[in-house]
J.: 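Just dropping this structure here.
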Amino acid sequence: MQISLNGIKNLIKFFSSDDDTGSTNRIAKTFTALQKQKRKALIPFITAGDPNPEITVQLMNQLVQSGADIIELGVPFSDPMADGPTIQRSSERALKHHVSLNDVLDMVAIFRKSDTNTPVVLMGYANPIEALGYETFAAKAKDCGVDGVLIVDYPPEESNEWVRCLDQHGIDTIFLLSPTTPQERIRQVAGMAKGYIYYVSLKGVTGASHLDLQDVSAMVGQLRNYISIPIGVGFGIRDGATAKAVAGLADAVVVGSRIIEEIEKSPDAELLSNVGDLLSALRKAIDEN
């Protein structure tokens with residue numbers, strides 16, 4: 001049997017794409033597997049180092065055990081302008097322990113020793129990245145097992161070099177879109193983003209309420225005219241009923257402030273179990289679709 005050169009190239013591409021060490025592939029594989037199962041992704045957010053650095057990896061493992069498909073890990077920052085008071089406080093608690101971007105990368109590396117499958121997306125702000133440098137950050141992130149990065153204050157118009165650098169290291173660049181994003185920017189993001197789109201369902205900061213599901217449905221429908229990768233919806237999701245409703249509209253449900261609140265109010269001895277119970281309830285609600 002003869003195999004053409006193109007056939008050989010396709011075989012190489014196929015087997016390369018199945019390599020679990022490829023960080024980009026973890027996100028793609030997760031959504032592909034969920035799609036086959038007709039399920040939606042649950043993406044919890046926690047801030048690295050909150051309430052202390054020692055518990056972060058334990059929390060990440062607990063999230064996975066309780067139904068998380070992808071973990072968004074916040075990089076603590078002193079001026080988190082897109083975040084409401086709840087997540088701001090989580091950054092403050094982490095920064096009291098002097099948690100840096102390098103510390104966050106070390107946490108991901110430790111997590112990877114026990115979990116090589118669950119995608120990890122870093123979420124944060126530009127200053128720590130700028131201080132480290134694109135190339136240094138991307139290389140370290142790749143080595144530690146980071147799959148995607150969402151930097152709130154990198155607009156697409158100024159992100160060509162950033163996207164190129166992450167692409168070279170096989171890391172997905174994830175962008176935010178909101179109810180006020182103009183069509184031209186949506187088109188631009190559609191051509192740059194990888195992994196998934198994070199649609200901010202509300203005007204305002206994280207932790208806001210008054211989620212209008214009709215508005216979310218209409219906007220997600222519009223986004224699908226431009227965007228072929230999965231769409232996750234976050235902001236304002238605080239209970240199982242809302243998570244279930246959003247899962248019926250999007251490919252992923254992102255929950256942040258509600259989880260941080262549970263961390264904030266839980267005694268140390270009950271923290272992991274309380275967060276696990278919360279996430280399990282959200283997982284169950286989402287899977288009822």
Side-chain angles (χ1 to χ4, degrees), residues 30 39-77 80 83-97 99 103-104 106-108 110-115 117-124 198 201-202 205-211 232-247 252-289:
T30 295
R39 298 172 69 226
K40 303 299 178 72
L42 174 56
I43 308 179
F45 168 94
I46 60 172
T47 299
D50 174 40
N52 62 72
E54 290 73 26
I55 204 168
T56 296
V57 175
Q58 296 177 60
L59 262 172
M60 294 171 74
N61 284 314
Q62 181 66 65
L63 293 173
V64 175
Q65 292 169 21
S66 302
D69 298 296
I70 297 170
I71 295 174
E72 285 188 357
L73 188 60
V75 179
F77 185 55
D83 294 302
T86 299
I87 293 181
Q88 286 181 15
R89 289 194 298 271
S90 73
S91 267
E92 290 170 2
R93 289 191 293 270
L95 290 173
K96 284 182 180 179
H97 294 281
V99 175
D103 294 326
V104 177
D106 289 342
M107 292 173 188
V108 177
I110 295 169
F111 174 71
R112 282 285 169 243
K113 293 179 180 179
S114 59
D115 188 319
N117 296 317
T118 305
V120 175
V121 173
L122 298 189
M123 187 170 182
Y198 187 148
S201 59
L202 298 166
V205 295
T206 57
S209 55
H210 311 301
L211 182 64
V233 173
F235 284 43
I237 301 170
R238 305 188 56 79
D239 53 38
T242 309
K244 178 181 177 181
V246 169
V253 178
V254 186
V255 184
S257 294
R258 178 66 187 89
I259 295 172
I260 300 298
E261 286 176 2
E262 200 65 34
I263 292 171
E264 193 170 45
K265 71 182 183 182
S266 294
D268 290 348
E270 300 172 16
L271 193 156
L272 292 173
S273 60
N274 287 355
V275 171
D277 290 346
L278 170 62
L279 207 71
S280 294
L282 294 173
R283 173 84 269 169
K284 181 179 178 181
I286 290 170
D287 287 344
E288 289 174 354
N289 277 295

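Reckoned from all heavy atoms, side chains included, excluding hydrogens, waters and symmetry mates.
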J.: Any chance you could measure Gln88, atom CD, to Ile260, atom CD1, to the nearest 0.5 Å?
T.: 12.5 Å

J.: Is there a salt bridge (Lys or Arg N to Asp or Glu O under 4.0 Å) between Glu262 and Arg258 once you walk through the steps?
T.: CA-CA 6 Å; Glu262 200 65 34; Arg258 178 66 187 89; 2.9 Å; yes

J.: Step by step, work out the side-chain contact (heavy atoms from CB on, under 4.5 Å) result for Leu282 and Leu279.
T.: CA-CA 5 Å; Leu282 294 173; Leu279 207 71; 4.3 Å; yes

J.: Decide yes or no for Val233 and Val254: does some side-chain heavy atom of the first lie under 4.5 Å from some side-chain heavy atom of the second?
T.: no

J.: So His97 and Asp103, side-chain contact (heavy atoms from CB on, under 4.5 Å) or not? Walk me through it.
T.: CA-CA 11 Å; His97 294 281; Asp103 294 326; over 6 Å; no

J.: Rounded to the nearest 0.5 Å, what separation is found between the CG atom of Asp50 and the CD1 atom of Ile55?
T.: 9.5 Å

J.: Please report the shortest heavy-atom distance between Val246 and Ala252, naming the atom on each side.
T.: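 So the two residues come closest at CG1-O, 4.5 Å.
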
J.: From Glu72 CD over to Met123 CE, what is the distance, rounded to the nearest 0.5 angstrom?
T.: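 That separation rounds to 5.5 Å.
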
J.: Does the side-chain contact (heavy atoms from CB on, under 4.5 Å) test come out yes or no for Glu92 and Thr47, once each step is laid out?
T.: CA-CA 10 Å; Glu92 290 170 2; Thr47 299; over 6 Å; no

J.: Taking all non-hydrogen atoms of both residues, which atom of Ala48 and which atom of Pro76 are closest, and how far apart?
T.: O-CG, 3.2 Å

J.: Apply side-chain hydrogen bond (donor to acceptor under 3.5 Å, both in side chains) to the pair Asp239 and Thr242, showing each step before the final yes or no.
T.: CA-CA 6 Å; Asp239 53 38; Thr242 309; 2.7 Å; yes

J.: Is any side-chain heavy atom of Met60 closer than 4.5 Å to a side-chain heavy atom of Thr118?
T.: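 Counting from C-beta outward, Met60 and Thr118 never come under 4.5 Å.
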
J.: Counting only N and O atoms by type, is there a donor-acceptor contact under 3.5 Å from the side chain of Ser66 to the main-chain atoms of Ser280?
T.: no

J.: Assess whether side-chain contact (heavy atoms from CB on, under 4.5 Å) is satisfied between Asp287 and Leu42, documenting all intermediate values.
T.: CA-CA 10 Å; Asp287 287 344; Leu42 174 56; over 6 Å; no

J.: Are Arg283 and Arg39 close enough that some pair of their side-chain heavy atoms sits under 4.5 Å apart?
T.: yes

J.: Closest approach of Pro51 and Leu271, non-hydrogen atoms and distance?
T.: CG-CD1, 3.7 Å

J.: Within this structure, what is the CD1-CD1 distance for the pair Ile286 and Ile237, rounded to the nearest 0.5 Å?
T.: 7.5 Å

J.: Starting at OG of Ser273, measure out to CD of Gln62 and round the result to the nearest 0.5 Å.
T.: 7.5 Å

J.: Between Phe77 and Ser91, what is the shortest heavy-atom contact and its length?
T.: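 Between these two residues, the closest heavy atoms are N-OG, 3.3 Å.
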
J.: Supply the atom-to-atom distance Leu63 CG to Ile259 CD1, rounded to the nearest 0.5 angstrom.
T.: 6.0 Å

J.: Yes or no on side-chain hydrogen bond (donor to acceptor under 3.5 Å, both in side chains) for Thr86 and Ser257, after CA distance, side-chain angles and deciding distance?
T.: CA-CA 6 Å; Thr86 299; Ser257 294; 5.0 Å; no

J.: Mind listing the closest non-hydrogen atom pair of Ser114 and Asn61 along with its distance?
T.: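 Where Ser114 meets Asn61 most closely, the heavy atoms are OG-OD1, 3.4 Å.
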
J.: Report yes if some heavy atom in the side chain of Leu122 is under 4.5 Å from a heavy atom in the side chain of Val108; otherwise report no.
T.: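 Contact flag for Leu122/Val108 side chains = yes.
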
J.: Looking only at non-hydrogen atoms, find the nearest pair between Ile71 and Phe111 and report the distance.
T.: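 In terms of heavy atoms, the two residues are closest at CD1-CZ, 4.1 Å.
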
